[in-house]
Each structure stands twice: as structure tokens, then as C-alpha cells.
Amino acid sequence: EHYAAGRASRAVQELEAAAPRRATRLGPGGGEEIAVEQVEPGDRLLVRPGEMVPCDGVVSEGYSHVDASRLTGEPLPVTAEAGVALMSGSLNIESPFTLEATAAARESQYARIVQLVRNAQASKSRLQRLADRTAVWFTPLTLAVCLIAWLASRDPLRVLAVLVVATPCPLILAAPVAMIGGINRAARRSVIIRHGEALERLSAATAVLLDKTGTLTVGRPVVADVAPCAPFSDAEVLRLAAAVDAGSGHLLARSIVQAALERGLVVPPATGVVEQPGQGVLGRVEGREVTLGARSFVLDRHPALAASWTPDGNGGLRAWLAVGDQAAGTIGFADRLHPDAERLLGGLRELGFRRIVMVTGDQASHAEAVARSAGIGEYRSELLPADKVRAVEELERDGEHVLMVGDGTNDAPALSRASVGVALAAHGGGITAEAADAVVLVDDPSRVVEAVAIGRRTVRIARQSVWVGVGLSGLAMIVAALGHIPPTVGALLQEGIDVAVILNALRASGESG
């Protein structure tokens, strides 16, 4: 148990190990590599592709996209251009840019996440073990019966018989056997539960906080809609866009190609493809020039098309397509519901959870759309990691035992702070898995429902084994105190009680009963 509890500190160690270590500070003499601890507000920093943003700051020069999913949970890349504020820990995925630091590394968002996890683990209350709670009164009760037997009979054999049949084995063995059985059963369903206490916490959960991205949704941008301009069709827009994107490694480009293939479209080859990282791509497809990318990228080459498109298109993140001098249409991206989200939510409702709340760092409009499609009435959006911790604390103040389910680094503080945290780690997990009490190893969030059901059944069997064992032992103590059970018979009876409750506890590892 000490080993399992000690593993919790590894979440903090993993976070600290993954923190940015070096930064490139720009000065009159060029770039100078320094430790992140030396960064001060106002410093101009160069962030190259593949590097993490070393501290909170504002982009002053350059254009790129950054992956901020580990901080916000939002899978869509964030545009890094002049004036955009970025958080430490974001990953630059395309082009170099210059960042003006607004906070020292020790005061930036990533450092606050580390501290939040540390504080959450320190403040998380611990349940007293089931056997320990029962043993508090079992031992004095046994001594009291012994005293009564002695005062009534002055017969030391009666006292000895009481002590022999007063078996503590249901406390020592039955509850742990049931817990181990429950843990093994969960493992067979690809859910790793760290210790018996986590099973108790799962069984007691009354409210659940669900992260949006990667839990309720698939966690990556997919093509959500295609808006063609006449005379082009949806299929034509997607086919031409996939042609020029076929050789690109950009996240959105892969989504376009995948969508075209899923619709059974034949993607023609493109020639003379030129990609401008972070902005767009152009090439020739079937003898026509095709331009795809950000609206500004397309209009730089075809300014006459400005009247064909409104600045925001249909809203959200979009790619704009021009064929020759014609506006062909736009392609919208979004995160879609996970195929198993319905089973997850339906299962939680069947288990009687009083409150199901979706929490996300995504903007309100996206959060509302996902909540509406999932049938969730309560959601909270634009949350930083500290806000998710506060959401846990608010529910606990309302008397709820909170189950937190998440999959990102930004969920680690809330997973640590909740009554019980379950990490979805089908694609790695890392820090998130270390911060949680249980880990789902497959890409199926509905396994959380199974974990809760296993926890409730396991605790029910453990309590049954303890109470039946203690009850039989108590009855045997009374009969022994009256002189009807000699010590030798009491020893055999005690072994029979032990075997019975242990066999009952073993049912926790089975699929039914």
C-alpha cells in the first residue's frame, strides 16, 4: 500500500521531467541558448519547430501553428502569429517564430500545472480501509465477551474458547482477497486499478467530471463539413484538396486525405506542389492550379476572391480552396464524438450518477455543440487546469464523491484532486496515467462504466464477507462463552468460518454472482 501511494509522486516527477529546459534568447549579437530559469519578462525568444514554448508570452514575429492540447485538451492547432498569447508547454509544430516573454518560467502555466498536481496529491483525503474500520470495534468486543465469560464462570477454558473462535481472518484475509479479485477482474477488461482503496473510491463515486477532448470525442480534428461554391460539388472540393495535401504531414492535411478516402473518392496526383508551412499549399491537379490553406494565403494569390468568401466562412477552423481564379469552397474541421461516448454516458446514468458534467479548455461554442450532441446538460468551458481542480472542489463541497475522467496533461491536477481519477491511456498516458487511481488501456471510454461496476460489486462482496464472517464469529463467541463449544471444536469452527468467507470473497474475481 505504501508502494502504491508512493507511485503518486511520480506524476510530479514526470511533469517536471517533461518541462522545457532550454530557451534561445535573442539579443544584439544573435541567439544565445540559456536555461529557462534565466528567462525574464520582456526577453525575446526564438522558438524553433519541434521545440516547446519555454514560458508564457506573446508572439511578436513569425507565423506557425502550435499544439496546445497537453495544456487545454483542445486537439485543433493554435495559430501562432503576431499578437497571439501562448502558454509554456505548447509545442511548435511548423515554422520558427519570435516570442516576447510575459512571465518567468517558474511563474508560467506549465509550472502552475506541476504545483497543482503536487498540491492536489497532498490535499486528497484518504479513506480508512474497510478492515481497519471494522477492527476498531471487533477487538474490544472480543475482550468484553472474554471478560463476561470469566466473570460469569471463572472457567479459563471458556475464555480460551472465546478467543479461539473470535477469528480476525475475515478482516485480515477476506476483504483483501475480494479487492485483489476485483483488481484482477478489471485487469482482464484492460483497466488497471492501482490498489484496493481505488476500488472503494470507485464504488463510492456519485458525480462524474468528463474531459471533452479524447474522452467524449476522438481527440483529433476531422473534416466536419464541406461548403462548396458553384459549380463545384462537395466531392470535387474534397478530392482536389486531398490531391495537393497528399504529400503534406500537416495534421489538417492528413484529416482531409483521410476524409476523401473514407468517402471512396479517387484522389488524382498533383504536380508542382509547393507548401508554405503553417499557411497553405498549392499545386496543379488535372491541369488546373489548386490553392488550399488559410484565407489570407489564398487571397494573397487571388485577391479578387475576397468578395466570394466572408471572413469567417461558416465559423470554426477552416481551409479555403481556390481552383484557378475561382472560389471552389471551404472545408471545416472539428472534433467528433467518440464512437463509445453514448455507451459511456448511458452506462453512467444506469449506475445512478447524480451529476454528469463535461469540462473542457475548449471555447464555449464548441463545448456547447459537443454537450448538445452527447446529451449532456451541464458543461463548463474555457477551463485551465486550475479551473478543473476548482470544479472538483465545488462538487465535493456539494457533498459529492467525484470521479474525474481525462486523458491529457491538463487533466492531471484534477485527476489527482478528485475522489478517484481514471485516465484514458490508449495512446500513451504518461503523466496522466501516473496521476490517476485507475488507467484504461484501450481506446474505449465505456470501460470506465465497467470499472465503477466492478468497484461496487467488489466492495459489496468484501463487506458481505467481512460482516458474515464477523457475525458468525460473534455468534460463536456467545455460544463459547456459555460453555457449549470447547476450545478444540472452536478451532475447527473458526477454520470453517475462515474458509467460508474467503470462498465468498473469491467471487469478486468472477463475472457474476
Side-chain angles (χ1 to χ4, degrees), residues 1-8 125-142 162-205 351 401 403 419-422 436-441 447-477 480 489-513:
E1 192 166 13
H2 279 295
Y3 169 76
R7 282 180 59 90
S125 61
R126 296 186 62 80
L127 288 175
Q128 188 183 21
R129 299 291 298 141
L130 175 64
D132 295 339
R133 293 197 300 269
T134 309
V136 167
W137 59 264
F138 182 76
T139 300
L141 176 64
T142 301
V162 170
L163 290 172
V164 166
V165 298
T167 172
C169 289
L171 303 178
I172 298 171
L173 296 177
V177 165
M179 293 298 177
I180 291 171
I183 290 172
N184 286 340
R185 183 183 173 197
R188 292 199 298 270
R189 298 298 298 155
S190 299
V191 180
I192 304 302
I193 297 175
R194 296 200 184 282
H195 43 75
E197 184 180 344
L199 275 176
E200 288 195 58
R201 292 182 182 276
L202 278 169
S203 71
L351 290 174
H401 294 279
L403 163 63
S419 304
V420 59
V422 178
D437 300 291
V439 182
V440 177
L441 300 178
R447 297 293 174 94
V448 174
V449 176
E450 295 186 42
V452 174
I454 289 171
R456 291 184 180 181
R457 178 173 179 272
T458 299
V459 170
R460 184 175 67 251
I461 291 174
R463 286 174 176 163
Q464 182 185 82
S465 299
V466 167
W467 288 113
V468 169
V470 171
L472 290 174
S473 183
L475 180 63
M477 282 192 290
V489 174
L492 295 174
L493 181 61
Q494 180 258 348
E495 294 298 336
I497 293 172
D498 292 347
V499 171
V501 297
I502 290 171
L503 289 175
N504 184 66
L506 285 172
R507 292 191 302 116
S509 63
E511 298 300 322
S512 62

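Note that the structure is predicted; figures quoted are calculated from it, not measured.
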Atom pair CE (Met179) and CD (Glu200), whose distance is rounded to the nearest 0.5 Å: 4.0 Å
Within-4.5 Å side-chain heavy-atom neighbours: Gln464 and Asn504: yes
Exam field: side chain Ser473 to backbone Gln494, donor-acceptor pair closer than 3.5 Å: no
Side-chain heavy-atom pair Asp437, Ile193 within 4.5 angstrom cut-off: no
Distance-minimising heavy-atom pair for Val501 and Asp498: CG2-O, 3.2 Å
Side chain Arg194, main chain Ala436, donor-acceptor under 3.5 Å: yes
Considering all heavy atoms, the nearest Ala480-Val165 contact: CB-CG2, 4.2 Å
Nearest heavy atoms of Ile454 and Ala186, plus distance in Å: CD1-CA, 3.7 Å
Flag, side chain of Arg185 to backbone of Thr458, donor-acceptor distance under 3.5 Å: no
Closest contact, heavy atoms only, Gly490 versus Val164: C-CG1, 3.5 Å
Min side-chain heavy-atom separation Leu202-Val422 under 4.5 Å: yes
Heavy-atom pair of closest approach, residues Ile497 and Gly469: CG2-O, 3.9 Å
Closest non-hydrogen atom pair, Thr142 against Ala166: CG2-CB, 3.5 Å
Pairwise distance OG(Ser465) to CG(Leu503) - rounded to 0.5 angstrom: 9.5 Å
Spacing of CG belonging to Leu199 relative to CZ belonging to Arg457, to within rounding of 0.5 Å: 12.0 Å
Under 3.5 Å: donor-acceptor pair, side chain of Arg189, backbone of Arg447: no
Separation between CG of Leu472 and CE of Met477, rounded to the nearest 0.5 Å: 11.0 Å
